[in-house]
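One structure is given here, and the rest of the page talks about it.
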Amino acid sequence: MDDYANPWLHRLKWAYLLLVAATLMGPVFYVMYISFNANGFGANQYEFTLEWYGLIFSDQLLMGALGWTLRLAVICTLITVPMALLAAKYYKAARNKVLPVFLFLAPLFVAPDILGSALLVFFKNVNGALRSLGDALGTDALDGLFQLGFGTALIGLIIYTMPYAFVVILITMGRYKPEQTEAARACGANGWRAFWDIEFPQIRAGVFSACSFTMILCFNEYTRTSLLKGGFDTFTTVLISQMLNTGMSEQSYAMSSLVSFVAIALIGGIILYTLVRSDSLAREARAKAEPVMST
Amino acid sequence: MNALGTLKMTETKPAAVEVRGLAKHYGSVVALKDVNLSIAAGEYFVLLGPSGGGKTTLLRTIGGFHRPTHGQVLLNGVDVGHLPPDKRTTSMVFQSYALFPHMTVLQNVGYGLKIARMGRDAIREKSAAALEMVGLTGFADRKPHELSGGQQQRVQLARAMVLNRDILLLDEPLAALDAQLRKDMCLELKHLQEKVGITFIHVTHNQEEAMTVADRIALIADGELVEHGRARDVYRAPHRAFTASFVGENNILRGTIREVDGDDVTVDVAGHPVRTGRRGLAVARGAAVTLSIRSELVRMGGPGEALHSLPGRYSESVYLGLTTSHIVALAPGTDMVSRVVEDLPQVPEPGAPVVMSWSPGDLRLHVD
Amino acid sequence: MTVRNIEGVAPVAAPLREPMREKLARWVFALPLAFMLLFFALPMALTFVFSVFERTMFWMEPGFTLFSYENFFFSARLENFLSSMYYSGIAVIVCFVLGFPIAVFLRKSVPQVAQHRVVLLFILPFMVSEIIRVFALRPVLQRNGLVNTTLQNLGLIDEPITALLYTHTGVIIGEVMSFLPFIIFSGFLAMEAVPKYIFEVCDDLGAGPVRRFLDVILPLAAPGIFAGCTFIFVNGLGVALLPNILGGAGAVNAGLIATQAIAALDFPLAMAVSAIMMTTLMALLYIGHRLFDLTKILSPIN
């Protein structure tokens, strides 16, 4: 805000910004509100209860799905984030940036149902081809390599989450000065040590944000997983099938709220972390503004 | 001394750095072409040239940050073209941003020793000694952002020196500093190099900085090694017209050869003949040549000796503090400058006819 | 400092091969690229091949037929596809009008340290599963939902508005609620290409907000704006969930056609729809790239 701007206009803009943010979150908060009502949605009486949450945890199907979802999310994160890190480094070093930009960002622009369908048919065909190949070679080791299941769902999720992890890491890398890597090399560090000792500590925040993003995205993803998962169920697929079969039950409200709580807590954690960090950044800025004079 | 060191004792000592036929291409862009250069051990060597001329590329190729497209880099007589920076006997001081911001000053300086797996106490001791050498005792526990620009460069210096490598590369180490600090640091660098006796190779685009520190200077422009030699010689007796235009404040005059008589050459400049030495150059009548003369060697006024003076019309003077430059138009578009320390008793009116003169031998002939 | 090679500092050895590790490392960096080529680019390219295969009872077999395309272009599907394009376009405009000013405001008037925190505020809804947010719109928008009861309680309306759900309006609302954060993100990144002094220059020259937007901000931020709008447009076309849950009769987009085809085991048709979507996307990206170099999208970060 500059010195001649109308302060009321400025406040109005802030109000608009917060209104939009609140509206976007509105439905989620409303669902949370309903989830604590013993009488469910639309009832005249509001009576606080945790009953619906209790029901979730006694639901075997749901708990099983939760297990699968967690496994998917963790493994996907363990693969996607290091790959995104490599991809970002590759992108930085690449002279021709069109191909990496296209490959690492394009999944954003392919709608979930389209990507899911394409991968589904691709995997089914690869499977058929591998089976014929296996028959010709007289081995059945290749059968079911890309059978729909955990592996295929994982690949779908990696492709889905890659652009987000890539962009988050790239943004933090933007502030890193490559001279520091060269200085480390000049000090005798090999490429790996220069990365691990010098670059990584400075992009750690970005890598951790990428991890939490990837986890959350995996947890929330529905379309691709449901098309590629084969036999097992994840949290969202159970939720959707319950919603589609029995409509919005009180239990589905509770489930939705639960997932939202976790996500909000995670993001809230990041916001708090950046608050603390920006404090130290401000201190740094002050120190820079008044450098200690030369001896 | 390592095996290599003992070897070199028995024979003639190889150059600290030798560059043979070095070229670096980026796609179709040629950053360096066919550079040959030899830098003796213990020398303070400066690579001087305009920005984008290839001097930093040459330094970084010596340091192992760029792989040469053609040619060889030899350090102490050993070809190192295939080695990354950490496997070379060089260490480097960068222009800026190169301190590790998440480490303290002491950790920064000790990092290379830590990589070399030195013991913790030894690291601390040696790092502290290096900090003392650059005058930063007492700053060991600060973070880089708590230091001024000059102090940050000193830390870089300490970090590079502590490794005991025998060649130190400095890539525009003072470019980010203000003028006064740059002057002070120049002298400090020079003294430091004399004290430790290792080879310094220093890149700069600032000729004053180069003259202050250098034993020898190489001029690099357009990816080529234009000229190299002792700092004094490069300043006083440039061989190439480019050197004359870049080092010192030279008048550059264009002319055509009227007559060649043994070692004397007569050149037409703005319609008047002047005489200069041939310096063994291949010249022929009618050829276009360039003449140079430092502005402090030009006198304004007086009759002037034939063939060692040129007439013109006074245009203006520029007061530069210590010196004053008087600009005289020899012909439309051709100016000549006389730079003097003392004030003239009487400054001519603009447009008044004046004569610019010099001593025989001050005017130099270039053919390029 | 006259002593050289003090014990402990490894003497830097002379002829060494380039370490194996570094050689290997160069290949490791290409690994993600290979992964994306194999599991993303290839499957997407193969949709064109599979779309001309012959349909069998439960699967398909190699062949060449344009039956799936006929099936798409000479049926109600084309009409549905075109109308979903129309409504998706409306959603793009609404998102841009509502969201882009926020990105400009953030860059222009919010202190640097606070900017990223405000962006996180908009990441928050995005971190809640899309299906939950879409489903949550039902109790909000339906006849006796939050919006209608609130408006009735305030006395603004007598009868509940029924056009909010199970209509095209419902789908547009869903798209805006789902994708609005993206125009803020991409706008925020794009505005990085507009240095802050630009605003001061504009003030100095007396350029008003409209001129400033048209002459300065739009050209500079165009690649990012285009990326954000394309994202919303193709997802509006491709996310089956939105028309499925919020739309009424006739609200069918490409994503829904594809998943319905999969459910009906008509795989070639699903592939044809995918291929058509890829063509649409490629055409958009090609136009965007010709108009304003799209590799610039990431340049603000560098």
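Labels below follow one simple rule: chain letters A, B, ... track the order of the sequence lines, proteins then strands, and each chain is numbered from 1.
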Check your understanding: Quick one: of E182(A), E179(A), K177(A), who has the most non-hydrogen atom pairs under 4.5 Å with chain B?
Key -> E182(A)

Check your understanding: Where does S91(B) contact chain A at under 4.5 Å (heavy atoms): side chain, backbone, both or neither?
Key -> both

Practice item. Would you kindly check if the NZ (Lys) or CZ (Arg) of R159(B) is within the cone defined by 45 degrees around the ring axis of F100(B) and under 6.0 Å from the six-membered ring centre? Key: yes

**Study point:** F123(A) and F146(A) aromatic ring geometry - parallel, tilted or perpendicular at 30°/60° bounds
**Key:** parallel

Check your understanding: Looking only at heavy atoms, which of residues 195-213 of chain A get nearer than 4.5 Å to chain B?
Key -> D197(A), I198(A), P201(A), Q202(A)

Exercise for review: Verify, without hydrogens or angle tests, whether T236(A) (side chain) and E221(A) (backbone) share a donor-acceptor contact under 3.5 angstrom.
Suggested key: yes

Review point. How are the rings of F219(A) and F235(A) set relative to one another: parallel (under 30°), tilted (30 to 60°) or perpendicular (over 60°)?
Key: tilted

Point to revise | Any residue of residues 68-82 of chain A which, by heavy atoms, sits under 4.5 Å from chain B | key: none

Practice item. State whether W8(A) and R11(A) meet the cation-pi test: NZ (Lys) or CZ (Arg) under 6.0 Å from the six-membered ring centroid, and within 45° of the perpendicular axis. Key: yes

**Study point:** Short side-chain to backbone donor-acceptor contact, T204(B) and E209(B), under 3.5 Å
**Key:** no

**Study point:** Any donor-acceptor N/O pair, Q156(B) side chain to F94(B) backbone, under 3.5 Å
**Key:** yes

Exercise for review: Please answer whether the main-chain N or O of I62(B) pairs with a side-chain N or O of R88(B) as donor and acceptor at a distance below 3.5 Å.
Suggested key: yes

Check your understanding: For the side chain of Q153(B) and the backbone of Q95(B), is there at least one donor-acceptor N/O pair under 3.5 Å apart?
Key -> yes

Check your understanding: Does R165(B) use its side chain to pair, donor to acceptor, with the backbone of A186(A) at less than 3.5 Å?
Key -> yes

Point to revise | Engaged part of L169(B) at the chain A interface, taking heavy atoms whose separation is under 4.5 Å | key: neither

Check your understanding: Would you say the side-chain atoms of T199(B) pair up with the backbone N or O of G42(B), donor to acceptor, closer than 3.5 Å?
Key -> yes

